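Structure first, commentary second.
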Amino acid sequence: MIRFFFAVVAMFFVPFFVYAAIAFVRQRGKLEGSLLENAPINWLAVAGAVLAFGTFASLISIEIIEYEKGDPAPSLREGAAKPGRSP
């Protein structure tokens, strides 16, 4: 569960990190002021929310698929455990 949380939070901040990296390269490595000073924060937040929601949906669907592929619970018939569901 913590993996989901960290993945979603990390994907939310990816646009901010990319923008900061581009701003750093444009300033030729000089750290004068804030890298996010003139950033379009609203657009970065929307992009981060879209990425976070997509990551969340992807992780949930992967978990559901893995759960569905799992072996069904064994049933007891005639004293022996056999694979399959009980009637």
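If you're wondering where the values come from, they're calculated on a predicted model, not measured in any experiment. What you see below is based on every heavy atom in this structure, not just the backbone, and it leaves out hydrogens, waters and symmetry mates.
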* Is there a donor-acceptor contact under 3.5 Å from the side chain of Ser61 to the main chain of Ala57? -> yes

* Considering only Ile, Leu, Val, Met, Phe, Trp and Tyr, and joining two whenever side-chain heavy atoms are under 4.5 Å apart, list the other residues clustered with Ile62. => none

* Residues which pass ring-ring contact (aromatic ring centres under 6.0 Å, His included) with Tyr19, listed by chain and number, not counting sequence neighbours -> none

* Structure fact -> Phe13 meets the side-chain contact (heavy atoms from CB on, under 4.5 Å) criterion, sequence neighbours left out, with Val9, Phe16, Phe17

* **Cluster link Val14 to Phe4, ILVMFWY, side chain under 4.5 Å** => no

* **Met11-Val18 co-clustered via ILVMFWY side chain contacts under 4.5 Å** => yes

* **Non-hydrogen atoms of Pro15 and Gly48 that approach each other most closely** => CG-N, 3.6 Å

* **Results of side-chain contact (heavy atoms from CB on, under 4.5 Å) for Ala7 - residues two or more places apart only** => Thr55, Leu59

* Who passes side-chain contact (heavy atoms from CB on, under 4.5 Å) against Phe53, sequence neighbours left out? -> none

* Counterpart residues, side-chain contact (heavy atoms from CB on, under 4.5 Å), relative to Ala52 (two or more places apart) -> Val8, Phe12

